[in-house]
Protein chains: 2
Amino acid sequence: MTDTEPSNASVLVVDDDPAFNRVLARALSQRGFETHCATDAEQALVLARARMPEFIVLDLNLAGVSGLRLIRPLLEASPDARILVLTGYASIATAVDAVKLGATQYLAKPADLDAIINALRAGEANPDIKPGGAPMSVDRLEWEHLQRVLAEHDGNISATARALRMHRRTLQRKLARPPAAE
Amino acid sequence: MTDTEPSNASVLVVDDDPAFNRVLARALSQRGFETHCATDAEQALVLARARMPEFIVLDLNLAGVSGLRLIRPLLEASPDARILVLTGYASIATAVDAVKLGATQYLAKPADLDAIINALRAGEANPDIKPGGAPMSVDRLEWEHLQRVLAEHDGNISATARALRMHRRTLQRKLARPPAAE
DNA sequence: TCGTCCTGTGACGTTTTGTCGCAGGTGAAC
DNA sequence: GTTCACCTGCGACAAAACGTCACAGGACGA
(Lines give C-alpha, C1' and ligand atoms only; values in the text may rest on other atoms or scores of the structure.)
Protein backbone atom coordinates (compact mmCIF):
# COMPACT_ATOMS: atom_id res chain seq x y z
CA MET A 1 0.00 0.00 0.00
CA THR A 2 1.42 3.35 -0.87
CA ASP A 3 0.74 6.35 1.30
CA THR A 4 -1.20 8.01 -1.43
CA GLU A 5 -3.44 5.14 -2.48
CA PRO A 6 -6.99 6.43 -2.18
CA SER A 7 -9.07 3.84 -0.44
CA ASN A 8 -12.40 5.70 -0.31
CA ALA A 9 -13.34 3.65 2.67
CA SER A 10 -15.48 5.47 5.17
CA VAL A 11 -14.48 5.86 8.79
CA LEU A 12 -16.58 7.00 11.70
CA VAL A 13 -14.45 8.53 14.45
CA VAL A 14 -16.04 8.42 17.92
CA ASP A 15 -14.31 10.37 20.67
CA ASP A 16 -15.67 12.82 23.19
CA ASP A 17 -12.87 15.28 22.42
CA PRO A 18 -13.98 17.32 19.36
CA ALA A 19 -10.44 18.53 18.73
CA PHE A 20 -9.12 14.99 18.62
CA ASN A 21 -11.91 14.06 16.20
CA ARG A 22 -11.08 16.93 13.88
CA VAL A 23 -7.39 16.19 13.81
CA LEU A 24 -7.81 12.48 13.22
CA ALA A 25 -10.60 12.95 10.67
CA ARG A 26 -8.52 15.42 8.70
CA ALA A 27 -5.49 13.19 8.70
CA LEU A 28 -7.55 10.19 7.57
CA SER A 29 -9.14 12.31 4.82
CA GLN A 30 -5.68 13.18 3.57
CA ARG A 31 -5.04 9.47 3.24
CA GLY A 32 -8.14 9.05 1.12
CA PHE A 33 -10.68 8.00 3.72
CA GLU A 34 -14.14 9.48 3.88
CA THR A 35 -14.66 10.50 7.48
CA HIS A 36 -17.47 11.28 9.88
CA CYS A 37 -17.24 12.25 13.53
CA ALA A 38 -19.34 11.73 16.63
CA THR A 39 -18.65 12.98 20.14
CA ASP A 40 -21.26 10.92 21.99
CA ALA A 41 -23.01 7.58 21.84
CA GLU A 42 -26.26 8.80 20.36
CA GLN A 43 -24.55 10.69 17.58
CA ALA A 44 -22.37 7.68 16.89
CA LEU A 45 -25.35 5.36 16.50
CA VAL A 46 -27.20 7.80 14.24
CA LEU A 47 -24.15 8.13 11.98
CA ALA A 48 -23.47 4.39 12.03
CA ARG A 49 -26.98 3.78 10.72
CA ALA A 50 -27.05 6.62 8.24
CA ARG A 51 -23.58 6.19 6.77
CA MET A 52 -22.79 2.50 7.20
CA PRO A 53 -19.07 3.16 7.67
CA GLU A 54 -16.55 0.49 6.80
CA PHE A 55 -14.47 1.34 9.87
CA ILE A 56 -15.23 2.82 13.26
CA VAL A 57 -12.52 4.26 15.50
CA LEU A 58 -13.97 4.17 18.99
CA ASP A 59 -12.65 5.76 22.15
CA LEU A 60 -13.52 3.97 25.39
CA ASN A 61 -13.91 7.03 27.57
CA LEU A 62 -17.04 8.67 26.25
CA ALA A 63 -18.83 11.07 28.52
CA GLY A 64 -20.87 9.08 30.98
CA VAL A 65 -20.68 5.84 29.03
CA SER A 66 -18.08 3.16 28.45
CA GLY A 67 -17.23 2.73 24.81
CA LEU A 68 -17.38 -1.02 25.46
CA ARG A 69 -21.15 -0.69 25.81
CA LEU A 70 -21.29 0.87 22.42
CA ILE A 71 -19.64 -1.92 20.46
CA ARG A 72 -22.67 -4.15 20.07
CA PRO A 73 -25.15 -1.39 19.25
CA LEU A 74 -22.68 -0.02 16.70
CA LEU A 75 -22.39 -3.44 15.09
CA GLU A 76 -26.16 -3.75 15.06
CA ALA A 77 -26.37 -0.39 13.31
CA SER A 78 -23.54 -1.23 10.88
CA PRO A 79 -23.11 -5.00 10.75
CA ASP A 80 -20.18 -4.91 8.34
CA ALA A 81 -18.20 -2.28 10.19
CA ARG A 82 -14.83 -3.09 11.63
CA ILE A 83 -14.25 -1.44 14.97
CA LEU A 84 -10.87 -0.24 16.17
CA VAL A 85 -10.85 0.65 19.85
CA LEU A 86 -8.41 3.48 20.55
CA THR A 87 -8.01 4.44 24.16
CA GLY A 88 -5.79 6.42 26.44
CA TYR A 89 -6.54 3.97 29.24
CA ALA A 90 -5.64 0.73 27.57
CA SER A 91 -5.42 -2.49 29.47
CA ILE A 92 -5.29 -6.13 28.57
CA ALA A 93 -8.59 -6.74 30.36
CA THR A 94 -10.52 -4.18 28.32
CA ALA A 95 -8.74 -5.33 25.15
CA VAL A 96 -9.96 -8.88 25.76
CA ASP A 97 -13.51 -7.73 26.41
CA ALA A 98 -13.54 -5.37 23.46
CA VAL A 99 -12.58 -8.13 21.05
CA LYS A 100 -15.09 -10.52 22.60
CA LEU A 101 -17.76 -7.89 22.11
CA GLY A 102 -16.86 -7.62 18.42
CA ALA A 103 -14.05 -5.08 18.04
CA THR A 104 -11.50 -6.20 15.47
CA GLN A 105 -8.56 -4.23 16.78
CA TYR A 106 -7.44 -2.35 19.85
CA LEU A 107 -4.76 0.31 20.21
CA ALA A 108 -3.43 2.29 23.09
CA LYS A 109 -3.08 6.04 22.74
CA PRO A 110 -0.81 7.65 21.80
CA ALA A 111 -0.91 6.13 18.35
CA ASP A 112 0.14 7.89 15.19
CA LEU A 113 -1.71 7.89 11.91
CA ASP A 114 0.26 5.02 10.42
CA ALA A 115 -0.42 2.86 13.45
CA ILE A 116 -4.12 3.67 13.26
CA ILE A 117 -4.34 2.90 9.55
CA ASN A 118 -2.36 -0.31 10.02
CA ALA A 119 -4.75 -1.34 12.75
CA LEU A 120 -7.80 -0.48 10.65
CA ARG A 121 -6.46 -2.61 7.83
CA ALA A 122 -5.36 -5.53 9.99
CA GLY A 123 -7.60 -8.43 9.30
CA GLU A 124 -8.45 -7.28 5.83
CA ALA A 125 -8.92 -9.96 3.24
CA ASN A 126 -5.43 -9.43 1.86
CA PRO A 127 -2.85 -10.45 4.46
CA ASP A 128 -0.02 -9.54 2.08
CA ILE A 129 -0.53 -5.86 2.71
CA LYS A 130 2.45 -4.81 4.82
CA PRO A 131 2.11 -2.32 7.63
CA GLY A 132 3.13 1.04 6.26
CA GLY A 133 5.00 3.93 7.75
CA ALA A 134 7.65 4.13 10.42
CA PRO A 135 6.49 3.35 13.93
CA MET A 136 6.70 5.99 16.60
CA SER A 137 10.03 5.99 18.39
CA VAL A 138 10.00 4.97 22.01
CA ASP A 139 11.12 8.47 23.03
CA ARG A 140 8.24 10.10 21.13
CA LEU A 141 5.74 7.60 22.52
CA GLU A 142 6.85 8.28 26.06
CA TRP A 143 6.88 12.05 25.55
CA GLU A 144 3.29 12.09 24.27
CA HIS A 145 2.13 9.83 27.06
CA LEU A 146 3.74 12.06 29.66
CA GLN A 147 2.22 15.16 28.08
CA ARG A 148 -1.24 13.64 28.02
CA VAL A 149 -1.13 12.50 31.64
CA LEU A 150 0.33 15.86 32.68
CA ALA A 151 -2.52 17.66 30.92
CA GLU A 152 -5.02 15.46 32.73
CA HIS A 153 -3.46 16.54 36.01
CA ASP A 154 -3.61 20.24 35.09
CA GLY A 155 0.13 20.52 34.76
CA ASN A 156 0.78 19.23 38.28
CA ILE A 157 4.13 17.47 38.03
CA SER A 158 3.95 15.80 41.44
CA ALA A 159 0.50 14.34 40.79
CA THR A 160 1.55 13.22 37.33
CA ALA A 161 4.61 11.49 38.70
CA ARG A 162 2.47 9.68 41.26
CA ALA A 163 -0.06 8.63 38.61
CA LEU A 164 2.73 7.25 36.46
CA ARG A 165 4.49 5.73 39.46
CA MET A 166 7.63 7.53 38.44
CA HIS A 167 10.01 9.57 40.58
CA ARG A 168 9.28 13.28 40.37
CA ARG A 169 12.93 14.08 39.64
CA THR A 170 12.97 11.68 36.77
CA LEU A 171 9.76 13.14 35.34
CA GLN A 172 11.21 16.62 35.53
CA ARG A 173 14.33 15.56 33.69
CA LYS A 174 12.23 13.91 30.98
CA LEU A 175 9.94 16.94 30.66
CA ALA A 176 12.98 19.13 30.17
CA ARG A 177 14.16 17.00 27.26
CA PRO A 178 11.68 16.69 24.39
CA PRO A 179 12.33 13.84 21.99
CA ALA A 180 14.17 14.48 18.75
CA ALA A 181 12.07 15.49 15.77
CA GLU A 182 11.02 12.67 13.50
CA MET B 1 -19.11 -19.95 43.56
CA THR B 2 -17.44 -20.83 46.80
CA ASP B 3 -13.74 -21.57 47.05
CA THR B 4 -14.39 -25.09 48.11
CA GLU B 5 -17.06 -26.03 45.59
CA PRO B 6 -15.90 -29.19 43.84
CA SER B 7 -16.57 -28.67 40.19
CA ASN B 8 -15.20 -31.92 38.68
CA ALA B 9 -14.50 -29.98 35.56
CA SER B 10 -11.41 -31.10 33.72
CA VAL B 11 -8.53 -28.78 32.96
CA LEU B 12 -5.63 -29.35 30.60
CA VAL B 13 -2.58 -27.30 31.63
CA VAL B 14 -0.15 -26.61 28.79
CA ASP B 15 3.20 -25.11 29.68
CA ASP B 16 6.71 -26.07 28.68
CA ASP B 17 7.85 -25.84 32.30
CA PRO B 18 7.03 -29.18 33.99
CA ALA B 19 7.41 -27.70 37.45
CA PHE B 20 4.89 -24.98 36.70
CA ASN B 21 2.50 -27.60 35.36
CA ARG B 22 2.79 -29.70 38.51
CA VAL B 23 2.25 -26.80 40.86
CA LEU B 24 -0.76 -25.44 38.98
CA ALA B 25 -2.27 -28.89 38.40
CA ARG B 26 -1.97 -29.73 42.07
CA ALA B 27 -3.53 -26.46 43.15
CA LEU B 28 -6.42 -26.90 40.72
CA SER B 29 -6.93 -30.51 41.90
CA GLN B 30 -7.25 -29.23 45.42
CA ARG B 31 -10.07 -27.01 44.23
CA GLY B 32 -11.86 -29.99 42.76
CA PHE B 33 -10.73 -29.87 39.16
CA GLU B 34 -9.59 -32.94 37.31
CA THR B 35 -6.29 -32.02 35.73
CA HIS B 36 -4.01 -33.14 32.91
CA CYS B 37 -0.68 -31.65 31.85
CA ALA B 38 1.21 -31.26 28.61
CA THR B 39 4.61 -29.70 28.05
CA ASP B 40 4.52 -29.45 24.27
CA ALA B 41 2.16 -28.93 21.41
CA GLU B 42 1.89 -32.51 20.31
CA GLN B 43 1.18 -33.77 23.79
CA ALA B 44 -1.39 -31.04 24.25
CA LEU B 45 -3.26 -32.02 21.09
CA VAL B 46 -3.22 -35.71 22.01
CA LEU B 47 -4.65 -34.97 25.46
CA ALA B 48 -7.18 -32.48 24.10
CA ARG B 49 -8.57 -35.21 21.84
CA ALA B 50 -8.39 -38.01 24.36
CA ARG B 51 -9.76 -36.18 27.39
CA MET B 52 -11.99 -33.44 25.94
CA PRO B 53 -11.18 -31.04 28.79
CA GLU B 54 -13.67 -28.35 29.68
CA PHE B 55 -10.88 -25.83 30.21
CA ILE B 56 -7.38 -25.41 28.81
CA VAL B 57 -4.76 -23.20 30.45
CA LEU B 58 -2.27 -22.37 27.71
CA ASP B 59 1.13 -20.74 27.97
CA LEU B 60 2.27 -18.75 24.93
CA ASN B 61 5.96 -19.54 25.10
CA LEU B 62 6.11 -23.21 24.20
CA ALA B 63 9.37 -24.63 22.97
CA GLY B 64 9.75 -23.84 19.30
CA VAL B 65 6.16 -22.83 18.80
CA SER B 66 3.98 -19.91 19.72
CA GLY B 67 1.04 -20.89 21.85
CA LEU B 68 -1.08 -18.66 19.62
CA ARG B 69 -0.63 -21.18 16.82
CA LEU B 70 -2.00 -23.85 19.07
CA ILE B 71 -5.36 -22.27 19.83
CA ARG B 72 -7.17 -23.32 16.69
CA PRO B 73 -5.87 -26.91 16.63
CA LEU B 74 -6.81 -27.24 20.30
CA LEU B 75 -10.33 -26.04 19.58
CA GLU B 76 -10.55 -28.46 16.68
CA ALA B 77 -9.52 -31.26 19.02
CA SER B 78 -11.87 -30.10 21.81
CA PRO B 79 -14.55 -27.87 20.32
CA ASP B 80 -16.27 -27.15 23.62
CA ALA B 81 -13.14 -26.26 25.53
CA ARG B 82 -12.64 -22.79 26.92
CA ILE B 83 -9.06 -21.60 26.59
CA LEU B 84 -7.36 -19.33 29.09
CA VAL B 85 -4.07 -17.94 27.84
CA LEU B 86 -1.59 -17.41 30.66
CA THR B 87 1.70 -15.78 29.75
CA GLY B 88 4.65 -14.08 31.31
CA TYR B 89 5.00 -11.85 28.26
CA ALA B 90 1.50 -10.47 28.18
CA SER B 91 0.68 -7.73 25.75
CA ILE B 92 -2.40 -6.18 24.26
CA ALA B 93 -1.32 -7.29 20.79
CA THR B 94 -1.14 -10.96 21.71
CA ALA B 95 -4.29 -10.70 23.87
CA VAL B 96 -6.23 -9.36 20.87
CA ASP B 97 -4.85 -12.09 18.63
CA ALA B 98 -5.53 -14.81 21.17
CA VAL B 99 -9.19 -13.82 21.61
CA LYS B 100 -9.69 -13.51 17.87
CA LEU B 101 -8.30 -16.99 17.48
CA GLY B 102 -10.79 -18.33 20.00
CA ALA B 103 -9.33 -17.99 23.49
CA THR B 104 -11.96 -16.96 26.01
CA GLN B 105 -9.64 -15.32 28.50
CA TYR B 106 -6.10 -14.02 28.82
CA LEU B 107 -4.04 -13.40 31.92
CA ALA B 108 -0.57 -12.19 32.62
CA LYS B 109 1.74 -14.25 34.80
CA PRO B 110 2.13 -14.17 37.68
CA ALA B 111 -1.53 -14.80 38.45
CA ASP B 112 -2.80 -16.34 41.63
CA LEU B 113 -5.05 -19.37 41.78
CA ASP B 114 -8.21 -17.41 42.42
CA ALA B 115 -7.55 -15.18 39.45
CA ILE B 116 -6.97 -18.22 37.27
CA ILE B 117 -10.16 -19.95 38.43
CA ASN B 118 -12.18 -16.77 38.02
CA ALA B 119 -10.80 -16.35 34.53
CA LEU B 120 -11.62 -19.97 33.67
CA ARG B 121 -15.18 -19.44 34.76
CA ALA B 122 -15.60 -16.03 33.16
CA GLY B 123 -17.96 -16.42 30.29
CA GLU B 124 -19.35 -13.48 28.44
CA ALA B 125 -17.50 -10.24 28.07
CA ASN B 126 -18.31 -7.70 30.72
CA PRO B 127 -19.17 -4.38 29.07
CA ASP B 128 -19.43 -2.79 32.50
CA ILE B 129 -15.72 -3.02 33.05
CA LYS B 130 -14.58 0.51 33.60
CA PRO B 131 -11.70 1.48 31.49
CA GLY B 132 -8.97 1.80 34.10
CA GLY B 133 -8.60 5.14 35.74
CA ALA B 134 -4.85 4.84 36.15
CA PRO B 135 -2.76 5.70 33.12
CA MET B 136 -0.38 3.12 31.82
CA SER B 137 3.08 3.24 33.29
CA VAL B 138 5.83 4.29 30.94
CA ASP B 139 7.37 0.81 31.15
CA ARG B 140 4.08 -0.85 30.21
CA LEU B 141 3.42 1.60 27.40
CA GLU B 142 6.85 1.00 25.95
CA TRP B 143 6.45 -2.77 26.29
CA GLU B 144 3.10 -2.70 24.43
CA HIS B 145 4.61 -0.57 21.69
CA LEU B 146 7.60 -2.86 21.28
CA GLN B 147 5.34 -5.92 21.17
CA ARG B 148 3.07 -4.36 18.60
CA VAL B 149 5.91 -3.26 16.31
CA LEU B 150 7.60 -6.66 16.75
CA ALA B 151 4.35 -8.35 15.69
CA GLU B 152 4.19 -6.08 12.65
CA HIS B 153 7.67 -7.31 11.72
CA ASP B 154 6.77 -10.97 12.17
CA GLY B 155 8.94 -11.37 15.23
CA ASN B 156 12.10 -10.14 13.47
CA ILE B 157 14.11 -8.43 16.19
CA SER B 158 16.66 -6.84 13.86
CA ALA B 159 14.00 -5.30 11.63
CA THR B 160 12.04 -4.11 14.65
CA ALA B 161 15.10 -2.44 16.11
CA ARG B 162 15.78 -0.68 12.81
CA ALA B 163 12.16 0.45 12.54
CA LEU B 164 12.29 1.87 16.06
CA ARG B 165 15.78 3.29 15.51
CA MET B 166 16.94 1.50 18.59
CA HIS B 167 20.04 -0.62 19.02
CA ARG B 168 19.31 -4.33 18.61
CA ARG B 169 21.07 -5.17 21.87
CA THR B 170 18.95 -2.70 23.77
CA LEU B 171 15.76 -4.08 22.20
CA GLN B 172 16.76 -7.59 23.18
CA ARG B 173 17.38 -6.55 26.76
CA LYS B 174 13.99 -4.86 26.88
CA LEU B 175 12.20 -7.85 25.35
CA ALA B 176 13.69 -10.10 27.98
CA ARG B 177 12.32 -7.93 30.76
CA PRO B 178 8.54 -7.60 30.78
CA PRO B 179 7.21 -4.70 32.83
CA ALA B 180 5.92 -5.31 36.32
CA ALA B 181 2.31 -6.33 36.73
CA GLU B 182 -0.12 -3.52 37.37
C1' DT C 1 28.68 -24.07 -0.97
C1' DC C 2 28.39 -19.25 -0.26
C1' DG C 3 26.55 -14.91 1.07
C1' DT C 4 23.47 -12.42 3.78
C1' DC C 5 20.90 -11.73 7.52
C1' DC C 6 19.30 -12.99 12.11
C1' DT C 7 20.05 -14.02 16.88
C1' DG C 8 22.24 -14.72 21.48
C1' DT C 9 25.45 -12.88 24.26
C1' DG C 10 29.42 -10.56 26.97
C1' DA C 11 32.12 -6.52 27.92
C1' DC C 12 32.97 -1.70 28.79
C1' DG C 13 32.59 3.31 28.74
C1' DT C 14 28.86 6.57 28.90
C1' DT C 15 24.44 8.11 30.18
C1' DT C 16 20.36 7.96 32.81
C1' DT C 17 17.74 6.74 36.79
C1' DG C 18 16.40 6.38 41.63
C1' DT C 19 16.95 8.43 45.66
C1' DC C 20 17.66 11.98 48.93
C1' DG C 21 17.28 16.35 50.44
C1' DC C 22 17.59 21.52 50.40
C1' DA C 23 15.28 25.77 49.47
C1' DG C 24 11.68 28.67 48.31
C1' DG C 25 6.88 29.59 46.41
C1' DT C 26 1.73 29.17 46.58
C1' DG C 27 -2.79 28.78 48.25
C1' DA C 28 -6.16 27.59 51.67
C1' DA C 29 -7.60 27.65 56.32
C1' DC C 30 -7.76 29.86 60.57
C1' DG D 1 -0.61 37.57 59.36
C1' DT D 2 0.50 32.83 60.37
C1' DT D 3 0.59 28.03 59.61
C1' DC D 4 0.39 23.99 56.99
C1' DA D 5 0.52 21.13 53.09
C1' DC D 6 1.87 20.64 48.83
C1' DC D 7 4.40 21.96 44.64
C1' DT D 8 8.59 22.95 42.13
C1' DG D 9 13.55 23.54 40.81
C1' DC D 10 17.66 21.60 41.41
C1' DG D 11 22.32 19.26 42.82
C1' DA D 12 24.71 15.13 44.18
C1' DC D 13 25.83 10.29 44.12
C1' DA D 14 25.44 5.23 43.72
C1' DA D 15 23.20 1.99 40.87
C1' DA D 16 21.23 0.62 36.68
C1' DA D 17 20.65 0.85 31.90
C1' DC D 18 22.18 2.16 27.34
C1' DG D 19 25.08 2.50 23.20
C1' DT D 20 28.46 0.35 21.08
C1' DC D 21 31.35 -3.27 19.54
C1' DA D 22 32.17 -7.70 18.31
C1' DC D 23 32.18 -12.80 18.34
C1' DA D 24 29.92 -17.02 17.14
C1' DG D 25 26.68 -19.89 15.14
C1' DG D 26 22.16 -20.80 12.74
C1' DA D 27 18.85 -20.21 8.86
C1' DC D 28 17.71 -19.42 4.34
C1' DG D 29 17.96 -18.46 -0.50
C1' DA D 30 20.65 -18.49 -4.67
Side-chain angles (χ1 to χ4, degrees), chain A residues 108 110 118 127-182, chain B residues 15-17 20 39-42 59-70 87-91 93-94 97 108-110 133-182:
Chain A
N118 288 339
D128 291 332
I129 292 180
K130 290 297 193 177
M136 204 181 283
S137 70
V138 164
D139 288 343
R140 166 63 52 182
L141 184 83
E142 174 179 87
W143 176 260
E144 296 201 10
H145 186 59
L146 298 183
Q147 292 298 319
R148 184 177 63 83
V149 179
L150 184 62
E152 286 169 2
H153 289 80
D154 303 314
N156 183 325
I157 292 173
S158 295
T160 301
R162 283 195 298 275
L164 292 167
R165 291 182 295 278
M166 176 187 292
H167 204 274
R168 181 175 65 81
R169 188 72 186 93
T170 300
L171 178 58
Q172 277 182 303
R173 288 189 191 109
K174 287 178 185 287
L175 290 174
R177 204 175 53 230
E182 283 181 2
Chain B
D15 195 294
D16 60 359
D17 180 355
F20 177 87
T39 51
D40 62 39
E42 190 176 341
D59 187 32
L60 286 187
N61 276 10
L62 299 174
V65 133
S66 164
L68 284 180
R69 291 177 161 277
L70 206 51
T87 175
Y89 293 85
S91 72
T94 57
D97 285 343
K109 284 178 181 173
M136 226 181 245
S137 69
V138 165
D139 288 344
R140 168 61 57 179
L141 184 73
E142 177 181 86
W143 174 263
E144 297 296 347
H145 187 62
L146 298 182
Q147 293 296 318
R148 188 174 57 74
V149 178
L150 183 63
E152 283 179 0
H153 289 80
D154 303 315
N156 183 324
I157 292 171
S158 295
T160 301
R162 283 194 299 275
L164 291 167
R165 291 186 293 280
M166 175 186 293
H167 203 275
R168 178 177 66 84
R169 188 72 187 90
T170 300
L171 178 57
Q172 275 181 303
R173 288 191 193 109
K174 287 177 187 285
L175 289 175
R177 205 174 52 228
E182 291 175 2

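A note on names: the letters A, B, ... follow the listed sequences, proteins ahead of strands, and every chain is numbered from 1.
At D:dC18, none of the side-chain N or O atoms of B:Thr170 fall inside 4.0 Å of OP1 or OP2 (strictly under the cut-off). Contact between the side-chain N/O atoms of B:Arg169 and the OP1/OP2 oxygens of C:dC6 is not found at any separation under 4.0 Å.
Under the 3.5 Å distance criterion, the side-chain polar atoms of A:Thr170 are left unmatched by any main-chain donor or acceptor of A:Met166.
Summarising the geometry, the separation between NE2 on B:His167 and C1' on C:dT15 is reported as 15 Å, rounded to the nearest angstrom. Atom P of nucleotide C:dG18 and atom CG of A:Leu164 are separated by 12 Å, given to the nearest angstrom. Here the C1' atom of nucleotide C:dT17 and the CD atom of A:Gln172 are 14 Å apart, to the nearest Å. To the nearest angstrom, P of D:dA16 lies 12 Å from CZ of B:Arg177. If you take NZ of A:Lys174 and C1' of C:dT15, they are 12 Å apart, rounded to a whole angstrom. Going from atom CD1 of B:Ile157 over to atom P of C:dT9 covers 10 Å, rounded to whole Å. Atom CG of A:Leu175 and atom P of C:dT16 are 15 Å apart (whole Å). As a whole-Å value, the separation of A:Asn156 CG from C:dG27 P is 13 Å.
Atom NE2 in B:His167 sits 10.5 Å away from atom CD in B:Gln172 (nearest 0.5 Å).
With salt bridges taken as basic N to acidic carboxylate O contacts below 4.0 Å, none links A:Arg148 and A:Glu144. A salt bridge does not link A:Asp139 to B:Arg165: none of the charged nitrogens lies less than 4.0 Å from a carboxylate oxygen.
Between the base of C:dG8 and the side chain of B:Arg168 there is a donor-acceptor pair shorter than 3.5 Å.
Mapped onto DNA chain C by nearest heavy atom, B:Ser158 and B:Arg173 fall at different nucleotides, with B:Ser158 at the one closer to the 5' end.
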